[in-house]
Amino acid sequence: SGLEESFHKFAIFGDTAASGNNMTGKNFSKMCKECGVMDGKAVTSTDIDILFNKVKTKGARTINFVEFQQAMKEICVKRFKGKSPEEALQAVYGLIEGKEPSSVGTTKVTKVAAVERLTDTSKYTGSHKERFDESGKGKGLAGREDLTDNSGYVGAYKGAGTYDK
């Protein structure tokens with residue numbers, strides 16, 4: 001149950017159209033790496049890729065939960081040498097259960113002085129200044145279009161609207 005839940009979470013990671021019943025090779029590799037099944041010594045990324053291609057049905061690009069369990073049975077003996085296959089399988093399941101895909105190494109917003117200066121809207125001049133309000137939030141279409149003033153007065157005329165008085 002905990003294992004199947006983790007399988008579904010990793011299966012839908014990074015793919016909005018995924019149902020969670022099938023897992024791609026990329027997500028299988030990510031799961032093995034993040035859960036500690038792939039340790040870089042006994043089990044490498046190459047081993048994981050070979051194993052994935054071995055258990056998936058020919059011509060398919062994904063594995064289901066049954067094929068995933070078969071893959072875990074094969075990798076557990078390699079990962080936990082010296083343990084019986086049953087103990088090794090339980091150890092691998094213990095590594096995976098309850099885990100979720102993390103977003104480690106995702107792009108973070110940098111605050112470098114040059115970037116800070118370029119994105120500070122209070123320092124904008126000319127027509128660019130008109131595109132933002134005082135708080136620095138964009139005005140959208142109103143800031144990009146020249147809205148026509150049909151009052152009959154010239155653009156910067158100070159006494160606009162005083163004719164009738």
Side-chain angles (χ1 to χ4, degrees), residues 1-124 128-129 131-144:
S1 59
L3 180 74
E4 201 162 351
E5 201 171 299
S6 289
F7 174 83
H8 288 298
K9 284 179 182 171
F10 276 96
I12 59 173
F13 181 78
D15 186 7
T16 52
S19 63
N21 297 329
N22 293 328
M23 185 183 284
T24 62
K26 177 180 73 75
N27 288 3
F28 181 67
S29 184
K30 179 180 177 65
M31 180 183 208
C32 291
K33 193 177 290 162
E34 288 187 10
C35 294
V37 177
M38 185 194 308
D39 60 357
K41 292 177 181 70
V43 180
T44 62
S45 61
T46 310
D47 295 328
I48 296 295
D49 292 338
I50 291 168
L51 181 70
F52 179 82
N53 285 315
K54 194 192 232 177
V55 295
K56 74 176 175 63
T57 54
K58 210 163 191 68
R61 302 175 112 184
T62 57
I63 58 171
N64 58 28
F65 188 66
V66 177
E67 290 167 332
F68 167 74
Q69 287 175 314
Q70 178 63 37
M72 290 299 113
K73 282 185 186 123
E74 290 189 32
I75 207 78
C76 70
V77 181
K78 195 168 185 179
R79 174 69 170 87
F80 294 101
K81 288 185 174 85
K83 285 190 177 183
S84 71
E86 289 79 27
E87 286 178 344
L89 186 63
Q90 288 311 312
V92 167
Y93 284 173
L95 288 173
I96 296 169
E97 281 176 8
K99 292 273 177 33
E100 291 184 17
S102 65
S103 299
V104 177
T106 53
T107 310
K108 300 205 173 25
V109 178
T110 55
K111 287 286 180 187
V112 183
V115 176
E116 186 67 34
R117 208 169 45 249
L118 291 170
T119 57
D120 185 4
T121 57
S122 65
K123 292 184 172 68
Y124 287 0
H128 306 291
K129 184 170 54 178
R131 294 183 51 207
F132 300 92
D133 58 15
E134 292 76 40
S135 67
K137 186 157 172 34
K139 291 182 183 175
L141 192 61
R144 287 194 303 272

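Along the sequence shown, the residues carry numbers beginning at 1.
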[atom2] on [Y] to [atom1] on [X], rounded to 0.5 Å:
X   : Y   : atom1 : atom2 : value
C32 : D39 : SG    : CG    : 11.0 Å
L51 : Q70 : CG    : CD    : 8.5 Å
I63 : F7  : CD1   : CZ    : 5.5 Å
E86 : K83 : CD    : NZ    : 12.5 Å
T24 : I12 : OG1   : CD1   : 12.0 Å

For [X] and [Y], indicate whether the former's side chain and the latter's backbone hold a donor-acceptor pair under 3.5 Å.
X   : Y   : answer
R79 : M72 : no
S6  : I96 : yes
Q90 : E87 : no
K56 : A60 : yes

Side chain to side chain donor-acceptor pair (under 3.5 Å) with [X]: which residues, sequence neighbours excluded?
X   : answer
T44 : D47
N22 : none
K54 : E74

Partner of C76 under side-chain contact (heavy atoms from CB on, under 4.5 Å), picked from V37, L95, V92, is V92
How close do [X] and [Y] get, heavy atom to heavy atom, and via which atoms?
X   : Y   : result
G25 : F52 : N-CZ, 3.3 Å
V43 : M38 : O-CG, 3.4 Å
F68 : M31 : CE1-SD, 3.7 Å
F13 : K30 : CE2-CE, 3.2 Å

Crowding at NZ, K78 (>12 non-hydrogen neighbours, <6.0 Å)
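Not buried by this count: 12 neighbours or fewer within 6.0 Å.
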Go through the steps to decide whether I48 and I75 satisfy the test side chain to side chain contact (heavy atoms under 4.5 Å, CB included), and finish with yes or no.
CA-CA 8 Å; I48 296 295; I75 207 78; 4.2 Å; yes
Would you say the side chain of E67 lies within less than 4.5 Å of the side chain of F28, judging by non-hydrogen atoms?
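F28 does not reach E67 side chain to side chain.
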